[in-house]
Amino acid sequence: MTETINPENAASAEETGSYHDMDLLRFTTAGSVDDGKSTLIGRLLYDSKNTFDDQMEAVERSSRQRGDENVNLALLTDGLRAEREQGITIDVAYRYFATPKRKFIIADTPGHIQYTRNMVTGASTANLAIILVDARHGVIEQTCRHAFIADLLRIRHVVLAVNKMDLVDYSETVFNDIVEQFQQFASRLDNIVDLTAIPISALNGDNVVNKSSNTPWYHGPDLLYHLEHVYIGSDYNHVDARFPVQWVIRPHSNEHHDFRGYAGRVAGGVFKPGDDVVIQPSGFSSKIRSIETFSGPLEEAYAPLSVTVTLEDNIDVSRGDMIVKPNNPPNKGQDIEAMICWFSETKKLHPRGRYYLRHTTKEVKAIVSEIRYKVNINTLHKIEDSPEFGLNEIGRVCIRTSAPLLYDSYRRNRSTGSFILIDEQTNETVAAGMIR
Amino acid sequence: MHSYTVNHLEQLEAEAIFVLRETAAQFEKPVLLFSGGKDSIVMAHLARKAFHPARLPFPLMHVDTGHNFPETIVYRDKFVDEARAELIVASVQESIDKGRVVEEKGPNASRNALQTVTLLDAVEANQFDAALGGARRDEEKARAKERFFSHRDDFGQWDPKNQRPELWNLFNGRKHHGEHFRVFPLSNWTEMDVWQYIRKEEIELPSLYFAHEREVISRGGTWLAVTEFITVAADETPVNKQVRFRTIGDATCTGAVESGADSLDAIIHEVAIARQTERGTRADDKRSETAMEDRKKEGYF
């Protein structure tokens, strides 16, 4: 497995000028234990020439020590000592690779017991989810769970990767049956707008970075081609103007004596100098004077850029406030209804439980006023009359906050529609919430 | 229709600036760890952007092993001056003199591991509650599981099995008295991203990163610079080579690579075709399979 410098790779280096215009695709991978998830990621990294000689040497060494017959590409994604000892993945790990077309960030989430918590975490920042199924087993309970979580976290693009096609003789019928089963389940989900099914063998590399001659009946793209070309431009909200103020910049210097800038990251919509704006929750009106950056003023700012806004009027604005447009305000209130996923291993969620709630750049106190229902994430059935929530459980709750939140529904805006709950005693992050 | 495209460097920049501002907002006394290496230079540059036109709302701190390349110190002082920033130097030599740590012996002796004690002592003495570091997840396998906001207990230790889940852009910096956080704004950057960004922003770097002639010895598969801090063994022969450094750390364990890359474009080309990870030149990582994981648990950067 020794390799000399690959001419393709050298060619891409010649084009590094074009690297500047690459965009970024964040994706997450979901599969149950032994679906070949680590092997798939290892294969993507290896076949797209994103592995290094010293990494491969380490993997070859470990493979030999473990007595593996071939070089075990799954070891490329191995992390902590305990994981290597037990042959499992404990935590979300992030992997990076690039082709001349795109840069990719993979949230690699483990398939065992803490799965839900980890997949929810990985999915929260992903544009796309790869859901792996074993061609021999088809759509199983866990596949439905993965699809449900992808949908819950509003991942619009899903790849159903039917793996281990080599073990079912690359059968078109097997593949089509699995796709049909999956579509039946996915039709009950709302947010997945783009589903692509690909027959692969991660072990042998079929349809991973090259079209395979073993599946002549398959006319779609190979996995990497799809990842390089899937259109994700519309994933941000460029309609509803939302600017949560993160930090107030006051230089107090002679040069910038009266400068007062509001620093933050645009969470939605487009802001331009001259725009009429309203500061929430105070309700004061003003106009944008300028949009400042270190490199000079901008003519417009949109998600997800980090900028500094100055206003025409000298009004009181602080962290946690939100700058919005007059005709398009966010919701404002102290009572919210949300889907939450519970993360704590040691504590359960009880009705009347008290937490800190962190939403955009604001932190408030919160009390769970009602547990509406839990969801059986394998069947999508609602379970009502549940007195409490435990680790990895998902359901709908009502929350009352100590101060008004400025929010949108999570479906409309991931930034202004999401929150976390923090335990008052332990400071642990105990839940993720998506506002209805 | 207007396309609101944001390329990968702009996205990474926006994310890093968000994390830097969040650190200033959520903590009482943050500090930015500045080694003079390219990652900490990029992080400090991003910090200037985040709070412009104001000065940095936190000091820079250099954990100084005393085994520096002189170029690093010249660069550091110039940067601090230009940014009108405050600099704190935490000295490993002082930790040794005070008996807090004992210097390693032998030809491979390095002060790398000793830095942890100096760092934790400085964090405690200055009552810093967040230390910003330039580490990236792509550097090393233990780092791949690191959070942006990484919790440390009151012994400064990292517990990889018990990390807080991190979702969306919501960072939980709540802590008990005596605990602190490590914050890594460059978590999602790769070595290539850092170089491309340096070129795009025209950030000045220490000359060590560019190809130059230097006296080196071959040790442990890398070229180590012959300096007053290393002992050349009888069977080692110093040679003159055209080299450059891919990372800059302690002079005793940071290896150079043979290279003719004397410009950013040439370096980017070299990074694109490189067959070794950048930490492949770090003797400190080669001590064992889990060298980095073990050091991180103790409170290393």
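We name chains A, B, ... by the order of the sequence lines, and we start the count at 1 in each one.
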Subject >> Under 4.5 Å from a heavy atom of chain B, the part of A:A303 involved >> reply: backbone

Original post:
Non-hydrogen atoms of chain B under 4.5 Å away: do they reach the side chain of A:R358, the backbone, both or neither?
Top reply: both

Original post:
Are A:E300 and B:Y4 side-chain neighbours, meaning at least one heavy-atom pair lies under 4.5 Å?
Top reply: yes

**OP:** Using non-hydrogen atoms and a 4.5 Å limit, figure out which bit of B:E166 sits close to chain A: side chain, backbone, both or neither.
**Re:** backbone

Subject >> Check: A:T121/B:R164 side-chain N/O donor and acceptor closer than 3.5 Å >> reply: no

Original post:
Are B:F51 and A:W247 an aromatic pair by the rule of ring centers under 6.0 Å?
Top reply: yes

Subject >> Close side-chain approach of A:D23 to B:T5, heavy-atom, < 4.5 Å >> reply: no

Subject >> Note: A:R26-B:E15 ion pair, threshold 4.0 Å (strictly below) >> reply: yes

Original post:
Quick one: which of B:R21, B:K49, B:H52 gives a side chain to side chain donor-acceptor pair (under 3.5 Å) with A:T308?
Top reply: B:R21

**OP:** Please flag which part of A:F343 lies under 4.5 Å from any non-hydrogen atom of chain B: side chain, backbone, both or neither.
**Re:** side chain

Subject >> Charged N-O contact under 4.0 Å between B:R174 and A:E363 >> reply: yes

**OP:** Below 4.5 Å from any heavy atom of chain B, which atoms of A:H252 appear? Answer side chain, backbone, both or neither.
**Re:** neither

**OP:** Answer with side chain, backbone, both or neither: which region of A:I420 has an atom nearer than 4.5 Å to a non-hydrogen atom of chain B?
**Re:** both

Subject >> A:L25 versus chain B, the contacting section by heavy-atom distance below 4.5 Å >> reply: neither

**OP:** Mind telling me whether A:F294 and B:H45 have parallel, tilted or perpendicular rings, with 30° and 60° as the class edges?
**Re:** perpendicular

Original post:
Just checking, any donor-acceptor pair under 3.5 angstrom between side chains of A:Y96 and B:N188?
Top reply: yes

Original post:
Which region of B:H151, side chain (C-beta onward) or backbone (N, CA, C, O), has a non-hydrogen atom less than 4.5 Å from a non-hydrogen atom of chain A, or is it both or neither?
Top reply: neither

